[in-house]
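Report on one structure; see the data block that follows.
Note that the structure is predicted; figures quoted are calculated from it, not measured. Protein chains get the first letters and strands the later ones, always in sequence-line order, with residue 1 at the start of each.
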There are 2 protein chains.
Amino acid sequence: MKRGRKPTIDAADITRAAIAVADAEGLAAVSMARVAQEMGNATMALYRHVKSKDELLALMWDSAMEEPPPLPDGDWRDKLGFWAKAVLAAIRRRPWFLQIPISGPPSGPKNLAWLDSALTALEDVPLEPGEKIGVVMGLSTFVQGEARLIGTLAQGFEADPGRFNHQYGQRLREIVDPGAMPALAEIIEAGVFDLDDVVRAEDLGADFDFGLHLFLEGVAAHIKGRS
Amino acid sequence: MKRGRKPTIDAADITRAAIAVADAEGLAAVSMARVAQEMGNATMALYRHVKSKDELLALMWDSAMEEPPPLPDGDWRDKLGFWAKAVLAAIRRRPWFLQIPISGPPSGPKNLAWLDSALTALEDVPLEPGEKIGVVMGLSTFVQGEARLIGTLAQGFEADPGRFNHQYGQRLREIVDPGAMPALAEIIEAGVFDLDDVVRAEDLGADFDFGLHLFLEGVAAHIKGRS
DNA sequence: CCGATTTAGCGTATGGGATACGCATAAAAG
DNA sequence: CTTTTATGCGTATCCCATACGCTAAATCGG
């Protein structure tokens with residue numbers, strides 16, 4: 001038998017509690033003291049199971065992601081597009097996920113499962129293994145970047161609604177000197193930035209879809225140019 | 001005349017000093033006390049010119065980016081590819097740029113100049129204004145995400161070299177159950193993750209180039225499908 | 001059953017950080 | 001020279017992460 005007092009909590013419990021706090025009040029609310037209180041323990045008790053707060057964050061990062069959903073029927077493009085949207089949705093459900101300072105390449109089971117899912121989508125595609133990874137990495141980078149953007153803007157919007165409502169285009173018109181930046185001025189004049197309603201879900205979602213479309217189009221072109 | 005004591009410093013000075021600290025010792029070293037010390041002032045003096053540390057970070061974000069370089073000759077693809085690499089290089093020169101929690105859409109002059117530069121690259125391309133913005137946003141998202149990835153891994157690498165050296169593939173082999181994740185296992189077996197030398201510049205640079213290639217390919221396909 | 005050993009829980013203390021508050025001081029106005 | 005106003009900044013508060021060492025529980029060898 002193992003000697004010594006029996007542990008009453010373990011790292012997984014701590015991680016769970018920390019995630020609960022982050023879900024409820026954001027990542028900023030996750031302090032060792034707050035998590036300990038959540039569990040009914042003393043702050044320093046946590047350090048028996050977790051070396052540092054950074055390690056706790058890494059653990060949270062590993063277990064935050066949910067299971068990837070099963071891929072739909074269809075060709076690789078349907079599947080990969082679905083995958084990208086699923087990633088976005090999963091991240092949106094845990095907005096603090098992207099705020100964790102990442103520590104290295106994925107090794108948690110959930111993250112690997114997502115990777116496997118994306119590679120499964122490319123199963124029947126005639127690409128080299130290295131190319132497949134490149135495709136998935138690139139797509140993943142895009143999705144995470146977009147998720148970050150959406151999360152940030154949504155957050156800034158909540159903090160001060162009305163700041164974006166159609167004032168952004170106006171503000172740009174004031175700042176931008178058409179002589180110095182003609183290309184930008186032209187686009188501004190076209191009214192692209194005059195979002196008169198919400199910057200929220202619709203427009204940003206459309207941006208995401210368009211970027212995704214471009215990327216998948218590129219993958220298709222690459223495949224075609226290859227065979 | 002303006003009444004009251006004359007200010008000896010202003011927000012721009014503070015921002016400059018903060019950037020100097022970040023350049024030299026990283027964003028984590030930027031505290032109000034540290035910046036004040038750098039300027040030979042007392043900590044609380046800064047608060048006369050900057051509402052909060054968050055505001056200081058926003059100011060840093062606005063002035064961190066350098067001027068965009070002039071675009072090369074060539075077609076839109078050369079120009080946009082050059083632009084993307086220039087963005088990456090600029091960010092790599094200030095790794096802390098991406099660590100700043102962003103606050104909203106770009107409004108600083110430098111950031112707008114980069115946007116203008118990208119739109120200039122698309123000048124002669126037959127796309128709607130909204131589509132151009134979509135292209136630039138998507139590309140920008142990709143580049144920033146990739147830059148973040150590279151920065152993070154490089155940082156983790158410095159912290160513990162040898163951890164990645166060809167052990168990553170090995171570790172994955174141990175973790176991944178080929179029965180549960182066949183697609184991933186296949187790629188692992190192909191040796192894609194057995195980076196025997198450095199995870200650094202070369203491989204990551206290649207990933208970046210490939211992703212960029214895919215995206216630009218997608219833009220080209222979209223243009224073609226449009227006209 | 002008893003002391004030795006090992007390990008978990010945790011109280012206390014330290015050092016840092018952001019920032020509210022108010023005082024003293026400098027500069028212009030009258 | 002006095003009043004007004006804005007600046008520089010000392011002090012103090014509150015929140016964090018975390019090192020250290022004590023105490024208590026559980027097992028082991030006798």
Side-chain angles (χ1 to χ4, degrees), chain A residues 1-61 96 99-103 155-156 159, chain B residues 1-61 96 99-103 155-156 159:
Chain A
M1 261 289 188
K2 278 232 196 81
R3 282 160 82 110
R5 190 171 175 171
K6 274 182 190 147
T8 60
I9 55 176
D10 64 5
D13 294 328
I14 298 174
T15 306
R16 238 189 315 279
I19 287 180
V21 172
D23 280 344
E25 300 167 48
L27 193 64
V30 176
S31 72
M32 299 305 272
R34 182 74 181 69
V35 172
Q37 169 192 319
E38 195 76 8
M39 309 176 62
N41 283 79
T43 306
M44 293 311 293
L46 307 191
Y47 282 93
R48 287 283 176 206
H49 309 279
V50 152
K51 261 200 293 296
S52 66
K53 186 180 178 178
D54 279 351
E55 187 179 301
L56 174 57
L57 289 176
L59 289 173
M60 289 173 72
W61 191 77
W96 48 266
Q99 294 176 30
I100 295 184
I102 3 170
S103 31
Q155 179 186 327
Chain B
M1 259 290 186
K2 272 219 203 95
R3 282 161 85 113
R5 187 171 176 172
K6 275 184 187 147
T8 59
I9 54 177
D10 64 5
D13 294 327
I14 297 174
T15 307
R16 237 189 315 280
I19 287 181
V21 172
D23 281 344
E25 301 166 47
L27 193 64
V30 176
S31 71
M32 299 305 271
R34 181 76 181 67
V35 172
Q37 169 192 319
E38 195 76 7
M39 308 175 63
N41 285 76
T43 306
M44 291 313 291
L46 307 192
Y47 282 93
R48 287 283 177 210
H49 309 277
V50 151
K51 258 199 298 295
S52 66
K53 185 179 178 180
D54 279 351
E55 187 178 302
L56 174 55
L57 289 176
L59 289 172
M60 290 174 70
W61 191 77
W96 48 266
Q99 294 174 31
I100 295 184
I102 4 171
S103 31
Q155 179 186 325

Handout entry: CA sep, side-chain torsions, deciding dist, call: B:L46, B:M39, side-chain contact (heavy atoms from CB on, under 4.5 Å)
Key = CA-CA 10 Å; B:L46 307 192; B:M39 308 175 63; 4.1 Å; yes
Problem - side-chain contact (heavy atoms from CB on, under 4.5 Å) assessment of B:I9 paired with B:R48 - result: CA-CA 9 Å; B:I9 54 177; B:R48 287 283 177 210; over 6 Å; no
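Protein chain A contacts DNA chain C over a range whose 5' and 3' limits, counting nucleotides with an atom under 4.0 angstrom from a non-hydrogen atom, are C:dT5 to C:dT12.
A:K53 and A:V30 get closest at one heavy-atom pair: NZ-O, 2.8 Å. Contact record, B:T15 with B:L56: CA-CD1, 4.0 Å, taken as the closest heavy-atom pair. The two residues A:H49 and A:D10 come nearest to each other via the heavy atoms ND1-CA, 4.0 Å. When all heavy atoms of B:V50 and B:M32 are compared, the closest pair comes out as CG1-CE, 4.4 Å.
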Which protein N or O atoms sit under 3.5 Å from an N or O of nucleotides 28-30 of chain D?
residue, atom, partner, partner atom, Å
D:dC28, OP1, A:M1, N, 2.9
D:dC28, OP1, A:M1, O, 3.3
D:dC28, O4', A:R3, NH1, 3.0

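Screening A:R34, A:R16, A:M60 for a side chain to side chain contact (heavy atoms under 4.5 Å, CB included) with A:V21, the sole residue that qualifies is A:R34.
The shortest distance between side-chain heavy atoms of B:L27 and B:L57 falls below 4.5 Å.
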Exercise for the section: At under 4.0 Å between heavy atoms, which parts of nucleotides 7-15 of chain D does protein reach? Answer with one letter per nucleotide, 5' to 3': B base, S sugar-phosphate only, - none. Expected result: BBBBB----
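Here the straight-line distance linking atom CG of A:L59 with atom CD1 of A:I14 works out to 9.0 Å at 0.5 Å rounding. For the atom pair B:W61 CH2 and B:Q99 CD, the distance stands at 15.0 Å (nearest 0.5 Å).
A straight line from OH of A:Y47 to P of D:dG21 spans 18 Å, rounded to a whole angstrom. Between the CD1 atom of A:I14 and the P atom of D:dT18 there is a distance of 13 Å, rounded to whole Å.
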